[in-house]
Structures are given as C-alpha cells and as structure tokens.
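Keep in mind that what you see is a predicted model, and the values were worked out from it rather than measured. We name chains A, B, ... by the order of the sequence lines, and we start the count at 1 in each one.
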There are 2 protein chains.
Amino acid sequence: MLIGGVYLECHGALNSIHESPLVRKLRAFVALSGPELDVLLRLHQRRRTFAAGHAFLHQGHSQRSAFILASGWVCSYKTLPSGSRQIVDFQVPGDFLGLRSVLLQTSDHFIEAVTRVEVSEVLPEELLDAFTETPRLAAAVLWAASRDEAMVVEHLIDIGRRSAEERVAHFLLEMGFRLSLVGLGDKAGYACPLSQFHLADALGLSAVHVNRVLRKLREDGMVTFRGGKVTFDNFEKLVAFADFDMAYLDQERPLLK
Amino acid sequence: MLIGGVYLECHGALNSIHESPLVRKLRAFVALSGPELDVLLRLHQRRRTFAAGHAFLHQGHSQRSAFILASGWVCSYKTLPSGSRQIVDFQVPGDFLGLRSVLLQTSDHFIEAVTRVEVSEVLPEELLDAFTETPRLAAAVLWAASRDEAMVVEHLIDIGRRSAEERVAHFLLEMGFRLSLVGLGDKAGYACPLSQFHLADALGLSAVHVNRVLRKLREDGMVTFRGGKVTFDNFEKLVAFADFDMAYLDQERPLLK
DNA sequence: CGGGCGCTTGATAGGCCTCAACGTAAGTGG
DNA sequence: CCACTTACGTTGAGGCCTATCAAGCGCCCG
C-alpha cells in the first residue's frame with residue numbers, strides 16, 4: 001500500500017535482538033536480563049511476510065500460531081451480515097497477534113494486514129516453553145497484552161459516548177501513543193498507513209463523515225491526517241479536546257525490578 | 001433494589017460447593033475432580049455483602065482482592081468529564097470480578113453493585129496458590145474470563161455497527177445466555193434487575209430512546225422488558241433479528257477431559 | 001401524604017447517514 | 001506515451017435516527 005512512500009518499514013533480517021519493537025516496548029516495563037533477551041531472540045527466528053490486504057487469521061479457524069509483529073500494521077475485525085464491518089483494534093510493530101487464540105483455542109475474528117507486514121511466527125510450544133523458562137518475561141508480555149485489552153475498553157467508550165469529532169481525535173492520539181512506545185512516533189506526529197475507510201470501520205462512522213470530521217479538526221488547527229501522515233498541529237489542545245487520559249498507558253517506572 | 005420482588009437471590013451460607021454458580025458454570029467446560037472442588041470451596045470462604053448502588057472497586061485504586069460473585073448483579077463502568085458514563089459490562093452470579101486487576105495491578109474502571117450482592121473475596125495469594133495447585137482449574141477459569149472478554153468485543157460491535165433496536169435485542173439475548181449458564185434463565189426469559197437507565201448507559205443510548213425501542217420490540221412480539229423480568233415472546237424471531245451468534249458462547253462438550 | 005425514582009409519551013432539533021457526483025493520484029496495458 | 005482503470009479523498013443535498021427538553025403518570029417508601 002505504501003501511501004506516498006512516507007510509510008516507514010524496517011527491512012531485512014533482524015541483525016540484533018535490540019532492533020525488535022517488542023523488546024523496545026517490554027523494556028519500558030521491565031529490565032530484561034541476558035537470558036531473557038536470548039529467549040526473545042529465539043522467538044524471533046521464524047520470519048514471515050504477508051502482503052497488504054491479506055487476511056492471515058480467519059474467524060472460526062483453530063489457529064495454531066501466534067505472531068510478533070515486526071513491521072507494518074494489521075487490524076482485527078468482525079463482519080456483520082449487513083456487510084459492514086467493525087474493526088476492533090489495530091496492531092502496530094511490537095504487538096502480539098493471536099496470543100489469546102494460542103493460550104485458549106478460539107479465534108473469533110479476522111486479522112488482516114493493512115500494509116505489507118513482517119512477523120515472527122511463534123509456535124504454541126515455543127511460547128509456553130519461553131514463559132515457563134522466564135516467568136518475568138511472561139509477566140511482561142501479559143502486562144502488555146492487558147494494556148491492549150484496556151484499549152479495547154477505551155475504544156468501546158470512544159464509540160459509545162463520544163461525538164464523532166472526539167472519537168477521531170481520541171483515536172489518533174491513542175495510536176500515536178502506542179507508536180511512541182516503539183519509537184515510531186512522538187508529539188509531532190507519526191506515519192499512518194490507514195485510509196479514511198479504516199477510520200470509519202474502526203470508529204463506527206461512515207467514511208464520508210470521517211472526511212468531514214478530519215477537515216474540521218484540521219481547520220481548527222489540532223491535527224492533520226493527510227498523505228499517510230498524522231501531524232499534531234496543536235498537541236495540548238487536541239489532548240484536552242479529546243479528553244485523552246495518558247495515565248492508563250503511561251508506565252514511567254518498570255513494572256518489575 | 002429488588003424490582004417487583006421477582007428478583008432471585010440465594011440467601012444464607014453456602015451449604016454445599018455444588019450450589020456455587022461458579023462451579024455450575026465451570027462444570028460446563030471441564031469435569032471437576034474432588035480435589036478441584038475442594039480448592040474451589042476454599043476460595044468461597046470469605047463471604048461479604050454489598051448494598052445495591054455501592055461502588056466497591058474504584059478507578060485508580062490498586063485493588064488487592066478479586067471476588068467471585070455469588071448472587072446479585074454488578075456493573076463495571078467508566079465515566080467521562082461530560083458526566084455521562086459508559087457501562088463496559090455487567091457481571092452475574094458465577095462471574096469473577098477484578099481477576100485482571102489481581103494478576104496485573106491496574107484497576108481502570110469502577111465496579112458497582114446493581115442489586116444487593118453476595119461475593120466471596122479471594123486474596124491474591126489464595127488465587128495463585130489455587131492455580132498452581134490445580135492447573136486444570138486455572139485453565140477453566142481463564143477460559144471463562146476469555147469468554148467474558150469476547151463479550152466485551154461483541155459489545156463493541158453492538159455499539160459500533162448496530163441500530164438501537166438491534167443493540168437492545170442483542171444485549172437482552174446475551175445476558176439471557178450468560179444467565180442460562182448458571183441456571184438463572186432459559187429461552188423463556190430471566191429475572192433482570194436493570195433499569196432502563198442501565199441499558200442506556202451500557203448501549204450508548206439515551207434512556208428515553210431505550211424506552212421507545214423496548215416498546216417497539218414488545219409490540220413486534222419479540223421480547224418484553226418489564227417489572228424486573230425479561231420475557232422472550234418469540235425467541236427465534238429475536239435471535240434472527242439481532243443476528244445473535246450463539247457459537248462463541250455455546251460450548252457443548254467440556255473443554256478438557 | 002409528599003417526595004423521589006423510574007417509566008412513558010410528545011415535540012423539536014441536530015448529528016450522522018445515504019446517495020451522488022467529481023477530483024486526484026497511481027497503476028496497467030496497448 | 002496515453003487512454004483506461006481503480007482507489008481514495010472531497011463536497012453537496014436530503015433525510016432518518018437518536019438526543020434533548022419537557023410534562024405527566026404510577027409506585028414505593030419515609
């Protein structure tokens with residue numbers, strides 16, 4: 001997809017475990033020891049690539065693998081008989097995919113690549129071995145997974161009780177914050193490969209209305225969504241307008257010493 | 001609250017572990033052995049009662065305990081600065097409360113008693129001990145917790161992509177199905193202590209509109225919500241109308257042998 | 001008996017959807 | 001190199017769905 005060529009990717013093999021977005025994210029929560037880094041490196045062995053638009057996990061399938069997202073964006077969604085779809089969440093580099101469907105054996109939604117993506121496939125045994133071998137690592141991963149679930153809840157509130165403008169503003173901030181955890185964004189903005197249709201499907205709006213709302217937010221000098229980039233024109237104003245609470249994402253000190 | 005007196009409660013001490021709604025629910029997933037029942041009994045020791053309307057878990061607090069809900073309904077919600085609130089989920093007898101906030105240490109929402117409730121308080125050590133002692137039990141509990149999370153996702157779709165009528169219909173069916181797992185409801189209906197305001201806050205609607213929608217559903221002969229009771233006047237028609245998928249809740253055979 | 005809470009119903013307003021047309025940019029094949 | 005295609009973005013008109021405001025009813029309880 002690569003809109004306008006501004007979309008960042010990290011090509012090639014993983015030269016060092018320190019390049020992994022997952023490692024970068026986990027380090028914000030827990031200081032990782034040498035053996036723990038070794039285990040993480042082991043989990044990154046089986047690299048795979050999927051083309052943009054490819055759905056690689058299907059509703060109802062008993063999925064045998066989990067994936068660590070190395071580069072690119074994916075989305076998980078459900079469809080309704082009316083034909084419309086609801087995007088439940090987006091995943092960005094450093095996120096786990098299908099963690100729950102390994103630990104338990106339900107895949108109740110689709111997962112589709114938004115851009116071309118690179119993932120590391122993790123077999124169930126490998127994951128369980130890694131967790132028993134390094135419990136602290138398991139705690140850190142589950143902590144991150146739980147934070148993702150907290151965001152699904154926040155997403156629900158977004159849709160249930162906020163106006164269209166607030167929804168869009170809140171969503172753009174949230175994605176920015178998640179990306180900043182893996183070094184792919186800051187208070188100035190970030191590269192975003194999503195179309196206005198993606199926003200619409202995620203926020204329960206029509207694409208037409210998303211377009212109008214984006215124009216309004218741009219004209220109000222808060223945020224610009226254009227050409228595959230999100231630019232925060234006035235970060236503080238946007239945070240106030242969207243009632244964005246960074247507390248539930250902000251983890252200053254490592255969780256475990 | 002006890003609307004109309006029809007609301008069912010199980011009073012008094014737990015005479016037998018078999019009376020526990022949690023045991024009843026877990027049994028649908030896994031055949032429980034004697035030792036496992038003993039462990040469950042141990043978790044039920046510390047009984048507590050909360051009055052209707054009492055909020056016993058607060059946003060931001062570091063909660064030290066989990067609870068097993070024995071009787072009554074509770075709801076978990078978040079509030080917005082505008083004053084409105086979004087109910088994320090309801091819990092009914094047999095559900096765990098605050099499981100995540102024990103395993104990890106975040107409580108990002110409120111939990112409030114809808115009716116007078118009876119709970120068993122479970123200390124973190126007790127829970128972790130029980131899980132290491134009987135891993136199959138841990139799997140069953142996590143399975144149930146995962147099913148609850150799947151319902152939050154379904155709830156999100158409810159709000160994002162369904163009309164008000166479909167939302168209400170889908171919600172009433174979902175609660176009915178959850179209650180049937182613990183023997184508190186069937187295809188005829190169930191006792192429901194919720195007010196129309198509760199429905200509104202859960203479904204992202206105004207109470208006034210909920211009222212109109214309920215009238216419509218009643219006049220169309222599908223479901224009656226009145227006097228603390230939900231009556232399915234035409235179960236099949238309602239399921240079809242709401243596009244209710246029982247697959248993700250329906251667990252015919254036990255998960256583990 | 002008065003007051004509060006929940007339910008009910010009507011009138012009005014507005015947010016968001018749908019339909020529709022057009023612009024722009026990138027990819028494709030002759 | 002250009003016509004064609006496709007995808008995404010933009011803008012307008014009209015209308016439905018749902019919120020808001022407001023008033024009244026019934027019931028329970030102090």
Side-chain angles (χ1 to χ4, degrees), chain A residues 1-7 51-53 73 75 80 82-86 112 114-116 158-169 171 192-219 223-231, chain B residues 1-7 51-53 80 82-86 114-116 158-169 171 192-219 223-230:
Chain A
M1 190 155 290
L2 278 174
I3 300 169
V6 300
Y7 184 63
W73 290 37
C75 67
L80 279 87
S82 63
S84 64
R85 73 170 179 176
Q86 174 69 47
E112 179 183 300
V114 173
T115 65
R116 191 174 75 84
D158 216 25
I159 291 177
R161 285 295 178 205
R162 283 192 248 259
S163 70
E165 273 186 70
E166 288 168 330
R167 278 185 229 184
V168 173
F171 174 83
C192 174
L194 303 180
S195 70
Q196 295 183 358
F197 286 87
H198 283 120
L199 292 189
D201 283 342
L203 298 173
L205 298 169
S206 70
V208 172
H209 200 59
V210 165
N211 181 281
R212 286 188 234 276
V213 166
L214 287 174
R215 171 156 58 115
K216 183 72 162 47
L217 291 174
R218 189 181 344 117
E219 288 172 355
V223 62
T224 302
F225 179 97
R226 178 164 276 174
K229 277 191 301 188
V230 171
T231 309
Chain B
M1 189 154 292
L2 277 172
I3 298 169
V6 298
Y7 184 64
L80 280 88
S82 62
S84 65
R85 74 170 179 176
Q86 174 68 46
V114 173
T115 65
R116 190 174 77 82
D158 217 24
I159 292 178
R161 285 291 177 210
R162 283 192 248 259
S163 71
E165 272 185 74
E166 289 167 330
R167 279 185 228 184
V168 172
F171 174 82
C192 174
L194 303 179
S195 70
Q196 295 183 358
F197 285 88
H198 283 120
L199 292 188
D201 283 342
L203 299 173
L205 299 169
S206 72
V208 172
H209 199 59
V210 165
N211 182 281
R212 285 188 233 276
V213 167
L214 287 173
R215 173 156 55 115
K216 182 73 162 47
L217 291 174
R218 187 179 346 115
E219 288 171 356
V223 62
T224 303
F225 179 96
R226 179 164 275 174
K229 276 193 300 190
V230 171

Can you tell me the distance, in whole Å, between the [atom1] atom of [X] and the [atom2] atom of [N]?
{"X": "Phe225(B)", "N": "dT8(C)", "atom1": "CZ", "atom2": "C1'", "result": "14 Å"}
{"X": "Arg226(A)", "N": "dA25(C)", "atom1": "CZ", "atom2": "C1'", "result": "13 Å"}
{"X": "Gln196(B)", "N": "dG6(C)", "atom1": "CD", "atom2": "C1'", "result": "8 Å"}
{"X": "Phe197(A)", "N": "dT18(C)", "atom1": "CZ", "atom2": "P", "result": "12 Å"}
{"X": "Glu219(B)", "N": "dT8(C)", "atom1": "CD", "atom2": "P", "result": "11 Å"}
{"X": "Asn211(A)", "N": "dA13(D)", "atom1": "CG", "atom2": "P", "result": "16 Å"}
{"X": "Glu166(A)", "N": "dG15(C)", "atom1": "CD", "atom2": "C1'", "result": "13 Å"}
{"X": "Leu214(A)", "N": "dT11(D)", "atom1": "CG", "atom2": "P", "result": "11 Å"}

For this session: Report the residues that fulfil ring pair (Phe, Tyr, Trp, His ring centres under 6.0 Å) with Phe171(A), sequence neighbours left out, ordered by chain and then residue number.
Result: Phe90(A)
For this session: List in chain and number order the residues that pass side-chain contact (heavy atoms from CB on, under 4.5 Å) with Glu166(A), two or more places apart in sequence or in another chain; answer none if no residue qualifies.
Result: Arg162(A), Ser163(A), Phe241(A)
For this session: Determine the sole option in Cys192(A), Cys75(A), Ser195(A) for which the side-chain contact (heavy atoms from CB on, under 4.5 Å) test with Val114(A) is passed.
Result: Cys75(A)
For this session: Scan nucleotides 15-26 of chain D nucleotide by nucleotide, 5' to 3', and note B when protein non-hydrogen atoms come under 4.0 Å of the base, S if they reach only the sugar-phosphate, - if neither.
Result: ---BSBB-----
Exercise. Quick one: does Val223(A)'s side chain get under 4.5 Å of Thr231(A)'s, heavy atoms only?
Worked result: no
Problem set entry | Gln86(B) vs Ile159(B) side-chain heavy atoms within contact, under 4.5 Å | yes
Problem set entry | Axis-to-axis angle between the two ends of the helix from dC1(C)-dG30(D) to dG30(C)-dC1(D) (five base pairs per end, rounded to 10 degrees) | 30°
Exercise. Which residues pass the side chain to side chain donor-acceptor pair (under 3.5 Å) test with Ser82(A), sequence neighbours left out?
Worked result: Ser84(A)
Side-chain donor-acceptor pairs of residues 199-215 of chain B under 3.5 Å, sequence neighbours excluded:
{"residue": "Asp201(B)", "atom": "OD1", "partner": "Arg161(A)", "partner atom": "NH2", "Å": "3.3"}
{"residue": "Asp201(B)", "atom": "OD2", "partner": "Arg85(B)", "partner atom": "NE", "Å": "2.8"}
{"residue": "Ser206(B)", "atom": "OG", "partner": "His209(B)", "partner atom": "N", "Å": "3.2"}
{"residue": "Asn211(B)", "atom": "ND2", "partner": "Gln196(B)", "partner atom": "OE1", "Å": "3.1"}

For this session: Would you confirm whether Thr115(B), through its side chain, and Ala52(B), through its main-chain N or O, come within 3.5 Å as a donor-acceptor pair?
Result: no
